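If you're wondering where the values come from, they're calculated on a predicted model, not measured in any experiment. The chains referred to below are lettered A, B, ... by the order of the sequence lines, with proteins before strands, and numbering in each begins at 1.
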There are 2 protein chains.
Amino acid sequence: MTPNQPTARIRKSPEQVRTAVHQAVIDLLCDPEGEDLNIPAIAQRAGVNHTSVYRRWGSLDTLLADMVTTRLERVSPLNDTGTLRGDLLAWAQASAASIRTPEGRALVRAVILSMPNSAQAQDERAQHFRRRMDSIEQIRQRATARGENPPPFEQILDQLIAPFYLRAIFGIDLPATGYPELLVDRLLSTTDGPATT
Amino acid sequence: MTPNQPTARIRKSPEQVRTAVHQAVIDLLCDPEGEDLNIPAIAQRAGVNHTSVYRRWGSLDTLLADMVTTRLERVSPLNDTGTLRGDLLAWAQASAASIRTPEGRALVRAVILSMPNSAQAQDERAQHFRRRMDSIEQIRQRATARGENPPPFEQILDQLIAPFYLRAIFGIDLPATGYPELLVDRLLSTTDGPATT
């Protein structure tokens with residue numbers, strides 16, 4: 001970024017445009033005035049021409065999906081902690097830290113807004129979501145490679161991912177302390193019968 | 001309802017207007033063409049004048065909230081089964097049956113669309129959601145009255161409600177069989193340490 005230069009009328013690099021546009025989306029979603037989220041408003045706040053936003057992303061859905069993917073990667077680092085429990089706890093701690101911020105909750109709302117909305121698009125929504133959960137699949141694969149026995153993806157979905165998302169979506173505060181540990185311990189101590197997993 | 005009469009230009013009772021308008025919202029949300037959800041479109045599909053919709057509900061948010069409350073009550077009957085496990089299972093089975101239908105998933109999207117969207121409105125969103133979870137509170141109260149020891153509301157939220165909502169929102173299929181039992185059994189077999197509940 002170039003803090004010494006005015007943002008308008010300076011030709012930004014593609015990466016600078018991307019960063020400015022993503023930040024503008026977050027700012028609009030966090031805006032207490034609740035301004036409508038649309039490409040002209042985003043472009044104006046980002047200080048870029050709206051035609052270049054349309055040219056690059058095509059639609060608001062695509063822009064939101066791109067932003068969400070980029071930001072979620074940033075808040076969900078994939079460092080190998082050496083154990084399944086450590087990796088899951090790192091994911092849960094990063095998620096908890098994120099959704100305690102207005103920006104993090106705005107990001108979850110953006111995930112939902114970025115999804116195809118028609119009833120017919122259910123499979124597409126599921127695929128989008130699954131791709132965003134790549135970091136969980138990588139944690140599972142590392143655990144298997146270590147000889148650990150990770151829970152099935154759907155169990156992690158129900159017991160770890162769902163509580164964070166639900167609380168972010170509905171604005172329900174997380175318990176002040178120990179919440180990542182609570183959810184991870186519940187997940188890893190669950191022993192479902194063989195017929196149900 | 002009056003199937004033998006044309007719907008237009010017949011003066012509907014307030015309850016008929018309400019039913020027609022609620023159904024129009026569901027139809028629009030299930031429409032594969034993904035038409036925008038707004039009061040004129042809803043009124044047209046319901047065969048009522050849009051001014052009477054504005055007069056009665058004031059805004060789309062209020063209309064959606066009214067519809068969601070009415071419909072959720074219908075899909076979440078509160079019959080006393082005699083045990084905590086039975087009551088939770090009845091709630092879970094009704095939820096599973098509901099979100100297997102396009103109408104049920106549309107209802108969950110309507111819950112989200114009906115919530116105040118600005119970042120500042122987080123507390124308001126949480127209160128809305130909590131009111132919609134009244135049936136869970138009633139299940140807890142009945143259990144306490146029987147001398148059973150129900151889990152705290154937040155644990156039911158994380159382990160039972162969140163998985164259903166997340167799957168409905170993101171279009172992730174439920175396991176074909178045994179899912180309500182699986183979630184209820186997990187919930188009731190969880191023994192968190194005393195410091196974390």
Side-chain angles (χ1 to χ4, degrees), chain A residues 29-35 37 102-103 105-106 109 111-113 115-130 132-133 154-155 157-167 169-175 177-179 181-183 185-186 189-193 195-197, chain B residues 29-35 37 102-103 105-106 109 111-113 115-130 132-133 154-155 157-167 169-175 177-179 181-183 185-186 189-193 195-197:
Chain A
L29 281 170
C30 291
D31 192 325
E33 300 303 319
E35 193 180 346
L37 197 67
E103 176 173 321
R105 291 189 297 272
R109 288 210 298 283
V111 170
I112 292 170
L113 294 171
M115 289 186 308
N117 196 42
S118 84
Q120 256 48 14
Q122 182 185 350
D123 287 349
E124 214 178 319
R125 277 198 293 279
Q127 286 164 21
H128 278 219
F129 184 72
R130 191 79 186 222
R132 269 176 214 126
M133 291 297 131
E154 295 222 349
Q155 191 180 336
L157 180 77
D158 287 341
Q159 295 191 274
L160 187 63
I161 303 168
F164 281 116
Y165 269 79
L166 189 82
R167 286 169 181 266
I169 292 167
F170 291 107
I172 302 161
D173 285 332
L174 309 185
T177 58
Y179 190 61
E181 292 79 2
L182 174 71
L183 292 183
D185 287 343
R186 267 188 204 155
S189 67
T190 299
T191 49
D192 294 329
T196 49
T197 49
Chain B
L29 281 170
C30 291
D31 192 326
E33 301 302 318
E35 193 181 346
L37 196 68
E103 176 172 323
R105 292 189 297 272
R109 289 211 296 286
V111 170
I112 292 171
L113 293 170
M115 289 187 306
N117 196 40
S118 83
Q120 254 52 14
Q122 182 185 350
D123 287 348
E124 214 178 318
R125 276 197 296 277
Q127 285 164 20
H128 279 218
F129 184 71
R130 191 79 185 222
R132 269 177 215 123
M133 291 298 129
E154 295 223 349
Q155 191 180 336
L157 180 78
D158 287 340
Q159 295 191 271
L160 188 63
I161 303 167
F164 281 116
Y165 268 79
L166 190 80
R167 286 169 181 266
I169 292 166
F170 291 107
I172 301 160
D173 284 332
L174 310 185
T177 58
Y179 190 60
E181 293 79 3
L182 174 71
L183 293 182
D185 287 343
R186 267 188 203 154
S189 67
T190 299
T191 49
D192 294 329
T196 49
T197 47

Revision key, fill the gap. Applying a strict 4.5 Å limit to non-hydrogen atoms, the region of B:Leu160 in contact with chain A is neither
Review point. With only heavy atoms counted, which part of B:Glu181 is less than 4.5 Å from chain A, the side chain, the backbone, both or neither?
Key: neither
Check your understanding: Side-chain contact, heavy-atom cut-off 4.5 Å: A:Tyr179 with B:Asp158?
Key -> yes
Study note, to complete from the structure: Rounding to 0.5 Å, atoms OG1 (A:Thr190) and CD (B:Gln159) come to a distance of 7.0 Å
Check your understanding: To the nearest 0.5 Å, what is the distance between CD1 (B:Ile172) and CG (A:Leu157)?
Key -> 4.5 Å
**Study point:** Per-residue contact mode, A:Phe164 against chain B (heavy atom under 4.5 angstrom)
**Key:** neither
